[in-house]
There are 2 protein chains.
Amino acid sequence: MAVTIKDVAKLANVAPSTVSRVIANNPRISEKTKLRVREAMKKLGYHPNLIARSLASQSTKVIGLVFPSSDIFFQNPFFSTVIQGLSEGAHEKQYALQMSTGKTEEEIFEGVVHMVQGGRVDGIILLYSRVNDQVLNYLRERHFPFLVVGKPYECAEEITHVDNDNCRASRDAAEYLLGLGHTKIGFIGGSEKLVVTIERLLGYKEALRENGLPILPEYIIHEEFHREGGQDAVKKLLSLDIPPTAFVVTDDIMALGVVNTLVEMDIKLPEQVSVISFNNVLLADMSRPPLTSIDINIFELGYQAARSLIQMLENDNEPVKRIIIPHQLVERLSCERVENKLIAHK
Amino acid sequence: MAVTIKDVAKLANVAPSTVSRVIANNPRISEKTKLRVREAMKKLGYHPNLIARSLASQSTKVIGLVFPSSDIFFQNPFFSTVIQGLSEGAHEKQYALQMSTGKTEEEIFEGVVHMVQGGRVDGIILLYSRVNDQVLNYLRERHFPFLVVGKPYECAEEITHVDNDNCRASRDAAEYLLGLGHTKIGFIGGSEKLVVTIERLLGYKEALRENGLPILPEYIIHEEFHREGGQDAVKKLLSLDIPPTAFVVTDDIMALGVVNTLVEMDIKLPEQVSVISFNNVLLADMSRPPLTSIDINIFELGYQAARSLIQMLENDNEPVKRIIIPHQLVERLSCERVENKLIAHK
DNA sequence: TTGTAAGCGTTATCAT
DNA sequence: ATGATAACGCTTACAA
């Protein structure tokens with residue numbers, strides 16, 4: 001059996017509670033005893049049992065992570081990078097990260113309940129935001145500390161969240177294309193259930209509207225966040241009578257699908273068609289041509305999420321916060337000023 | 001405060017121990033009481049406190065994950081996919097996954113000690129294998145249950161591990177190129193401290209030797225597992241008096257760097273130079289030309305790792321195992337039969 | 001400044 | 001088949 005607080009107490013000739021106080025660095029213990037106790041701890045190679053500590057103190061120093069059920073999320077570099085940020089934010093405050101596992105939505109939900117009611121985590125970070133989310137509703141009802149990476153669909157002002165200004169970012173993207181003279185701009189987004197898609201669509205529409213351009217429903221396509229999604233979308237758009245000359249694509253991976261498809265169709269990028277996308281993951285500049293993309297600072301999203309949740313956990317009635325991570329447009333070579341070279345009508 | 005076993009006991013008119021037995025589905029409890037107790041649990045919305053259970057039973061049902069310290073690991077899709085496999089394997093047996101956090105090697109080591117001595121995990125999975133690893137040595141010394149994804153550098157027969165036959169895989173890769181008539185084959189590998197690099201280099205050498213070809217030290221380059229690594233390596237190799245006509249690259253991402261660099265140098269793929277790589281991550285077929293790559297079944301690596309560790313945890317003296325995940329060569333368009341079109345000497 | 005003792009919510013060993 | 005009761009290893013009033 002491992003060495004416990006009692007063993008240390010015995011060796012140092014003090015009570016177990018004293019050892020506990022030394023660990024907590026309680027100021028009411030004399031330096032002399034502290035020294036003696038610490039020596040005993042070192043001698044025995046003592047390390048506190050975190051489970052026992054959690055039980056006694058009702059706090060685990062563990063943060064639960066909830067991912068969306070879709071496989072697609074894992075395939076996207078967003079996942080890795082946000083984890084890196086979370087990891088760094090958590091580590092700084094000595095918190096551990098635990099992942100929910102499960103494939104279906106239902107399994108994930110049960111996993112969260114297990115974590116929460118089982119007392120295994122002090123708080124939860126949701127790494128997605130969708131319409132009518134069961135997990136979010138559950139956490140709210142139980143008043144369990146949690147935070148959303150992304151913008152909650154409802155009651156955003158009552159839920160702490162870390163997000164980009166996606167509406168603005170999308171407006172920036174569309175305005176960039178408008179600035180290059182494009183007037184026929186298509187929008188290729190992810191699932192309409194995802195708040196991020198909703199927001200980016202909004203920004204796109206705002207930009208068009210403010211520039212006096214019509215919003216054409218046939219120019220707006222929703223597909224999954226993967227390459228095939230981008231491929232399907234661009235095919236649909238290019239088969240229109242008057243196809244767009246530029247695309248706002250809400251994810252780099254989708255954009256790669258778009259680019260590949262265009263290349264296969266022998267359409268020149270950026271001479272004939274411009275593409276701007278989101279996330280600026282590593283792949284963005286591995287594409288040929290490299291993608292102009294809106295960098296949303298994924299690492300920072302994760303880092304601030306971890307920090308903010310820990311703040312909520314450590315300070316009673318920390319106010320609800322909305323943390324906006326800045327984005328920036330990274331110009332590469334996938335967009336060009338529109339000349340009169342239109343795509344031949346089909 | 002949450003509802004406990006005592007509350008359930010009171011409502012069902014039994015002793016707490018009986019409730020505990022019902023939870024464990026102990027056969028010595030009558031069906032009648034089981035029913036009554038379960039009803040009470042449902043009525044109160046009871047959920048066992050996992051922390052208390054862990055303390056009493058000295059087992060957490062949590063697996064600790066240890067990543068290499070390098071940022072590069074996270075940027076590689078290997079990370080996401082192996083996590084998916086681990087997640088599925090763990091979930092099936094109701095285990096949770098906890099990640100070690102920390103940037104430097106030292107921080108990670110401390111994180112592991114914290115997890116282990118703190119009793120927070122029942123076992124550990126190392127997601128890398130390198131020469132002289134501090135973490136591995138620590139776990140061995142303490143006889144703490146753990147398993148390695150990859151081949152341990154030393155005492156591989158005493159440590160359960162889940163791996164590919166990397167030596168064989170690399171031989172397959174080299175032989176494939178030899179089969180296409182290449183005789184000047186370069187090797188671009190990762191850090192020499194990583195066992196995977198060592199093994200793949202070995203396989204490469206074996207293939208050359210068995211085919212009566214010389215092993216040229218200047219044809220062997222080690223770089224980091226990222227795109228720049230591939231770029232640097234190929235530049236070095238192409239500046240040789242007699243540059244290779246084909247490359248075995250031990251990672252897809254590096255291979256992308258190789259391909260991009262070749263394109264920039266106006267060297268035609270696969271007409272002038274062939275490239276074969278490892279891992280077959282999604283990017284492999286997004287490259288132009290799409291990469292011929294050895295699929296090492298990353299998901300399966302993770303999945304089997306989780307399952308095997310759980311077996312070790314649940315069965316006393318489970319024997320040490322070596323689990324080899326099969327690989328297969330996926331032919332795409334980055335390799336071609338060598339004709340007499342050599343690269344012009346520099 | 002330090003010790004005593006009562007929890008924290010389970011499991012597990014005795015009894016009965 | 002079920003009930004007391006003692007762990008599990010720590011924290012934290014309350015005493016002294």
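FYI, side chains are in, hydrogens and waters are out, and symmetry mates aren't considered; it's all heavy atoms of this structure. Throughout, a chain's letter reflects where its sequence line sits, starting with A, and its residues are numbered from 1.
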**Prompt:** Do the non-hydrogen side-chain atoms of A:Leu127 and A:Ile125 ever get within less than 4.5 Å of each other?
**Reply:** yes
Once you round it to whole Å, what is the distance between [atom2] of [N] and [atom1] of [X]?
{"X": "A:Ile29", "N": "D:dT12", "atom1": "CD1", "atom2": "P", "value": "13 Å"}
{"X": "A:Leu35", "N": "C:dT1", "atom1": "CG", "atom2": "P", "value": "15 Å"}
{"X": "A:Leu50", "N": "D:dC8", "atom1": "CG", "atom2": "P", "value": "18 Å"}
{"X": "A:Leu44", "N": "D:dG9", "atom1": "CG", "atom2": "P", "value": "14 Å"}
{"X": "B:Asn26", "N": "C:dT11", "atom1": "CG", "atom2": "P", "value": "11 Å"}
{"X": "A:Leu55", "N": "D:dG9", "atom1": "CG", "atom2": "P", "value": "12 Å"}
{"X": "A:Lys6", "N": "D:dC10", "atom1": "NZ", "atom2": "C1'", "value": "10 Å"}
{"X": "B:Lys61", "N": "C:dT11", "atom1": "NZ", "atom2": "C1'", "value": "14 Å"}

Selection from [options] that lies nearest to any side-chain heavy atom of [X]:
{"X": "B:Val14", "options": "C:dG9, D:dG3, C:dT1", "answer": "D:dG3"}
{"X": "B:Ser57", "options": "D:dC10, C:dT11, C:dG9", "answer": "C:dT11"}
{"X": "A:Arg53", "options": "D:dT11, C:dG9, C:dT11", "answer": "D:dT11"}
{"X": "A:Ile5", "options": "D:dA1, C:dG9, D:dT11", "answer": "D:dT11"}
{"X": "A:Asn49", "options": "D:dG9, C:dT10, D:dT2", "answer": "D:dG9"}

Strictly below 4.0 Å: does [X] bring a side-chain N or O up to OP1 or OP2 of [N]?
{"X": "A:Gln58", "N": "C:dG9", "result": "yes"}
{"X": "A:Ser20", "N": "D:dT11", "result": "yes"}
{"X": "A:Thr18", "N": "C:dG3", "result": "yes"}
{"X": "B:Ser54", "N": "C:dT10", "result": "no"}

Within the structure shown, what part of the strands sits under 4.0 Å from [X] by heavy-atom distance: base, sugar-phosphate, or nothing?
{"X": "B:Thr33", "result": "sugar-phosphate"}
{"X": "B:Asn13", "result": "sugar-phosphate"}
{"X": "A:Arg28", "result": "base"}

**Request:** Tell me, with the steps shown, if A:Leu126 and A:Leu147 meet side chain to side chain contact (heavy atoms under 4.5 Å, CB included).
**Result:** CA-CA 6 Å; A:Leu126 292 187; A:Leu147 160 166; over 6 Å; no
**Message:** With a 4.0 Å cut-off on N to O distance, would you call B:Asp7 and B:Lys10 a salt bridge?
**Reply:** no
**Asked** Does a salt bridge link A:Glu314 with A:Lys93, judged by any charged N lying under 4.0 Å from a carboxylate O?
**Response** no
**Request:** Anything under 30° is parallel, anything over 60° is perpendicular, the rest tilted; go ahead and classify A:Phe74 against A:Phe79.
**Result:** tilted
Could you write out each protein N or O paired with an N or O of nucleotides 4-7 of chain D at a distance under 3.5 Å?
residue, atom, partner, partner atom, Å
D:dA4, N6, B:Ser17, OG, 3.2

**Asked** Only one of B:Arg322, B:Lys321, B:Arg140 forms a salt bridge (charged side-chain N to carboxylate O under 4.0 Å, His left out) with B:Glu158, so which one is it?
**Response** B:Arg140
**Item:** Of B:Asn137, B:Val116, B:Val113, the residue whose pairing with B:Arg142 passes side chain to side chain contact (heavy atoms under 4.5 Å, CB included)
**Value:** B:Val116
**Item:** Derivation of the side chain to side chain donor-acceptor pair (under 3.5 Å) call for A:Ser17 and A:Ser20
**Value:** CA-CA 5 Å; A:Ser17 53; A:Ser20 175; over 6 Å; no
